[in-house]
Amino acid sequence: MDASTRSRTSTVEGVHRLTADAALRTFGPGEEGLTSSQAAELLARHGPNLIREQARRPMVLVFAAEFTSPMALLLWAGGLVALVAGIVELGIAIFVVNVVNGVFGFWQEYRAERATEELKKMLSTHATVVRDGELQEVPTQDLVPGDLLAIAEGDRIGADARLVEASELQVDQSTLSGESRPVHKNAGPIAEDLPAAQLHNMVFAGTSVINGDGRAVVTATGMDTEFGRIADLTQSVREEPSPLQKELGRLTRQLSVLALGLGALFVVVAVLFVGEPWAQAFVFGLGMVVAFIPEGLLPTVTLSLAMAVQRMVRRNALVKKLSSVETLGCTTVICSDKTGTLTQNEMTVTRLWVPGVWYTVGGRGYAPVGEIRRAEPPGTGDDTGTGDSASNGDAVPDGAVAATTDPALRTLLEVAGLCNNSMVRPPGPDESRWVVHGDPTEACLLVVAAKAGLDPTALRHDHPRVRELPFDSRRKRMTTIHQVDGRRLAYVKGAPQSVPPLCSWIVRDGIRRELTEADRAEITAANDGFARLGLRVLAVAVRTVDAAADPAGYTIDDVERELTFLGLVAMEDPPREGIAEAVATCHRARIRIIMITGDYGLTAESIARSIGIVRGDEVRVVSGTELAEMSDEDLVAALRGELIFARVAPEQKYRVVATLQSMGEIVAVTGDGVNDAPALKKADIGIAMGRTGTDVSKEAADMILTDDHFASIVKAIDEGRGVYDNIRKFLTYILTSNMAEAAPSAVFLMSRGLVPLPLTVMQILTIDLGTDLLPALGLGTERPESDVMDRPPRPRTQRLMDRRVLGLAFGWYGLLEAVFALVGYLLVNVVNGWPAVPFAAEGELYARATTMTLAAIIFCQIGAVLGCRTTHASLWVIGIFSNRRIVLGIVVEILLLAALSYVPLLQDVFGTAPLLPADWAALAVLPVVMVLLDELRRWIVRRRLDARATPAA
Ligand code: ATP
């Protein structure tokens with residue numbers, strides 16, 4: 001037994017037998033939690049709370065893999081054959097190429113891996129603990145035995161812990177036991193020794209809270225936890241290749257087969273038609289194979305994905321897997337929450353209603369400054385619905401008068417302030433605004449209570465809470481039970497569709513009486529009036545419960561019935577900044593947005609309209625109840641039009657996502673709660689909220705928004721589309737030079753050797769594996785084009801190497817380059833007397849002619865790399881030299897050419913000769929011509945696109 005195991009058993013043993021109190025005192029220092037210094041000491045003793053990861057693949061192996069891939073093996077074999085055949089230079093060149101290629105690939109993989117590591121660090125979770133008597137957030141890895149954990153719905157539990165308090169607590173222990181049904185937990189002692197998963201008074205690391213909340217003393221951390229022990233046994237790290245990786249794999253294979261086929265063809269033709277000796281022909285074929293194999297493809301793609309991910313982090317989107325970037329680019333529908341994603345989740349109560357009486361509330365934000373006044377019902381007179389009578393924030397808070405003179409209002413606000421877990425505090429020295437801890441929906445209730453002259457702290461003192469039935473998004477309400485002078489009162493607040501149906505009584509004009517149908521109609525009308533203004537409404541109710549009962553025994557069914565209705569609180573939650581623009585961008589990019597919210601239909605529609613998500617008159621609002629009764633066909637039909645889902649339970653998102661997917665859509669969906677996890681997993685892109693999201697939702701998601709802002713999704717899609725474009729640009733560029741490299745050989749073969757080979761095999765290699773490398777890499781880092789969001793999403797089925805890529809690479813850039821290269825070759829010969837004298841087949845002149853072919857291709861590639869940067873926009877618009885990596889690539893490329901041309905050793909190896917000043921002058925014209933021709937082509941394309949777009953518009 002090793003030391004860690006010993007400490008585990010000694011810490012945990014018997015803790016389940018103790019009462020909650022004894023456990024708190026024995027294993028933890030009591031309700032105040034540890035002090036910071038105790039925690040630090042314990043951390044030093046027990047080490048960080050981490051599950052040891054299985055050793056990753058050692059770097060040496062990753063490095064070795066670069067040299068043992070099928071492509072690398074092919075090159076090794078080729079080199080070897082060349083050596084055996086006695087063509088030493090070619091053999092060595094191929095080996096060098098393979099080594100350069102491998103090192104280059106490793107370097108890119110390494111950088112990509114580093115980027116993902118950084119991301120992983122950012123993704124690390126936090127836990128809430130009581131330390132120094134206060135609730136604090138600490139990184140999960142800093143948890144120590146003895147810490148008092150506060151756990152709530154949606155948390156992923158960070159360590160094994162003994163519950164000392166639990167309310168309606170249910171935990172998903174599937175990570176431990178494989179059993180996916182939620183397990184009920186409580187703090188009571190257990191007499192027997194049971195297997196860990198059956199200990200209902202313990203919670204375990206790696207499991208997640210499905211419902212309720214509680215407190216627990218940490219008993220084991222890190223590898224000492226149950227999870228740690230399992231993790232030790234079964235760690236699987238291998239990830240499935242993504243669709244993009246598979247596509248790239250396929251592409252590489254296809255191109256390799258093409259290369260081999262072409263090589264073989266060239267050999268046969270050279271021998272049979274030109275009468276070349278086999279050895280010579282073989283060298284020739286080998287050159288073709290090497291030229292056509294797309295060596296840098298995979299690592300360049302990985303790197304360009306990783307770079308996009310890094311850019312996305314700066315734009316507030318954390319992508320967990322590189323491959324998600326590419327899926328983002330195909331997104332056709334975004335299903336978005338409302339609160340916090342589209343709106344600010346910064347609530348201000350602006351309206352109140354107690355039966356028969358309306359109020360407006362002044363002031364904005366969380367400063368408790370503003371007047372509460374009686375008002376006309378919304379929609380009457382000059383009422384604007386903003387309640388903004390004192391929105392400048394410095395009005396005298398004489399609203400207190402209204403609260404004290406109106407006891408019904410006072411009770412409403414007291415209950416709202418007490419059925420509340422949030423806190424609002426004044427701005428600190430470096431802060432400009434009042435600060436909220438907890439749920440903003442609840443915080444704004446404290447603010448309005450304070451505006452009415454109530455003191456939430458004093459209220460809490462006078463009405464001590466004995467129990468809470470926590471909020472959950474299925475029930476859409478929450479209850480707290482308080483001791484008030486010998487009585488126990490249940491304070492309930494929740495959605496106006498959730499609370500009034502449970503009410504049997506109402507207080508009206510100071511009298512409590514039975515609730516009639518007419519009252520219900522009035523409540524609905526008042527609620528609808530608020531909702532039409534885009535306000536979020538909560539209903540408030542109260543009930544006396546059995547004062548003698550054990551607080552732990554209260555259940556939702558017992559307490560939340562026969563309530564007395566008190567009134568409605570309506571709050572404003574303004575749209576987030578920049579949201580209308582982001583929505584408009586989605587419309588331009590032909591991405592649909594479907595709002596799926598727990599809020600009320602009218603509120604949702606009003607907000608959806610104000611930010612442009614829905615525009616037509618025929619908007620359908622489907623409620624959760626309707627959705628449950630809808631057939632799949634009806635749902636499909638509804639999903640074709642403009643619609644909003646309101647009052648839906650998070651679980652219902654799953655069905656919406658699945659149905660959209662069955663319609664062929666690529667779906668991105670947002671979510672923050674535990675119950676959102678299935679939909680997040682099901683979606684093509686699950687998006688969790690970094691600030692307000694639960695651990696469970698973050699775990700299920702593919703992407704996390706660090707600012708919870710809808711606009712960040714749109715920016716991420718923009719990047720996603722850009723990356724895919726870049727891969728295609730890169731591909732176009734490398735295929736282009738292949739065409740130009742093959743053409744001279746084709747001329748040689750077709751002329752049956754009459755034209756000597758205008759570009760030697762060694763020279764081909766210098767382009768493909770030398771000068772092309774850096775500019776190609778630069779293309780992989782190109783920023784998304786400004787019009788990426790003006791096009792419809794790319795169909796998932798679109799191949800990387802499609803007609804457009806092939807057409808551009810072979811039929812346009814490649815063809816131009818081939819022509820210019822041959823012209824260069826011809827020029828040198830013409831200047832030296834051709835056609836009177838035949839083509840030079842050897843010697844200085846031949847070397848110069850082939851060097852010129854080589855140089856012409858390189859200079860044309862400069863034009864091509866610039867041209868590949870943009871699909872439709874003019875180069876002048878995007879800035880011809882705006883990608884520094886490409887500029888650097890071009891400079892290096894020219895220096896390499898100069899070296900090839902002037903360094904004697906290289907001249908010997910590559911069969912080159914010094915270029916003359918006049919040659920350089922001619923060469924310099926080539927990129928200019930290429931760029932100009934390409935501009936002309938793009939101009940024609942743009943005109944055609946415009947012409948096509950105009951009649952449609
Ligand atoms: P979205 O799903 O767009 O984020 P939402 O915040 O309204 O919207 P939920 O958090 O599921 O969705 O809340 C559903 C409903 O429950 C709310 O519309 C509100 O009526 C009610 N509600 C929200 N928070 C509380 C709370 N703390 N106490 C009582 N009721 C609440």
Side-chain angles (χ1 to χ4, degrees), residues 152-154 211 213 334-347 349 415-422 436 438-446 468-480 490-502 527 530-531 534-541 556 560 563 568-571 573 575-576 579 593-608 611 613 621 623-624 644-653 656 669-676 679-680 687-689 691-694 697 705 708-710:
E153 182 178 301
N211 194 37
D213 47 30
I334 308 173
C335 296
S336 175
D337 282 338
K338 173 179 71 68
T339 312
T341 316
L342 297 168
T343 65
Q344 296 180 3
N345 201 11
E346 196 177 288
M347 311 277 175
V349 175
V415 170
L418 282 162
C419 179
N420 204 310
N421 290 325
S422 68
V436 165
D439 182 354
T441 301
E442 296 187 351
C444 73
L445 300 176
L446 294 180
E468 175 186 348
L469 301 169
F471 171 77
D472 79 64
S473 45
R474 265 154 298 162
R475 221 161 97 248
K476 297 190 178 17
R477 56 180 181 269
M478 106 178 224
T479 298
T480 51
Y491 295 157
V492 186
K493 71 175 194 317
Q497 285 66 44
S498 151
V499 175
L502 306 173
N527 173 47
F530 288 150
L535 300 177
R536 176 181 171 88
V537 190
L538 288 185
V540 178
I556 289 169
E560 293 177 349
L563 307 174
L568 300 177
V569 186
M571 52 198 84
D573 179 15
R576 297 194 66 146
I579 205 81
I593 307 168
I594 298 177
M595 187 194 267
I596 306 184
T597 174
D599 212 337
Y600 186 46
L602 286 174
T603 310
E605 189 180 341
S606 162
I607 289 179
I611 57 180
I613 288 188
V621 180
S623 72
I644 291 169
F645 291 98
R647 282 279 173 255
V648 291
E651 294 89 339
Q652 291 180 300
K653 278 187 191 173
V656 175
V669 68
T670 68
D672 46 16
V674 194
N675 306 318
D676 289 323
L680 291 175
I687 305 168
M689 301 298 138
R691 289 201 200 155
T692 54
T694 54
S697 66
L705 301 182
D708 295 11
H709 198 315
F710 180 82

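Below, all heavy atoms of this structure are taken into account, side chains as well, without hydrogens, waters or symmetry copies. All ligand and atom numbering here is 1-based and tracks the order in the structure.
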Check this for me - ligand 1, Y600, N or O atoms closer than 3.5 angstrom, yes or no?
no
Return yes or no for this condition: an N or O of D672 is under 3.5 Å from an N or O of ligand 1.
no
Salt bridge (Lys or Arg N to Asp or Glu O under 4.0 Å) between D599 and R536, intermediate numbers included:
CA-CA 7 Å; D599 212 337; R536 176 181 171 88; 3.3 Å; yes
Part of D439 within contact of ligand 1 (heavy atoms, under 4.0 Å):
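Side chain only; the backbone of D439 stays clear of ligand 1.
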Should you measure from each heavy atom of L538, which atoms of ligand 1 turn up under 4.0 Å away?
19 (C), 20 (O), 21 (C), 22 (N), 30 (N), 31 (C)
Under a 4.0 angstrom heavy-atom cut-off, which atoms of ligand 1 come close to S473?
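It comes down to these atoms of ligand 1: 11 (O).
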side-chain contact (heavy atoms from CB on, under 4.5 Å) with M478: which of V492, D472, N421?
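When V492, D472, N421 are each tested with M478, the side-chain contact (heavy atoms from CB on, under 4.5 Å) holds only for N421.
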If we only consider heavy atoms of R647, is any one of them less than 4.0 Å away from an atom in ligand 1?
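True for this residue.
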Please state which protein non-hydrogen atom is closest to atom 13 (O) of ligand 1 and give its distance, to 0.1 Å?
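Going atom by atom, the protein heavy atom closest to atom 13 (O) of ligand 1 ends up being F471 CZ, 3.6 Å.
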To the nearest 0.1 Å, how far is atom 1 (P) of ligand 1 from its closest protein heavy atom, and which atom is that?
T597 OG1, 3.5 Å
Take F645 and V656 through the side-chain contact (heavy atoms from CB on, under 4.5 Å) test and state the conclusion after the steps.
CA-CA 9 Å; F645 291 98; V656 175; 3.9 Å; yes
Should one rank M689, K338, R536 by closest heavy-atom distance to atom 6 (O) of ligand 1, which comes out on top?
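It is R536 whose heavy atom sits nearest to atom 6 (O) of ligand 1.
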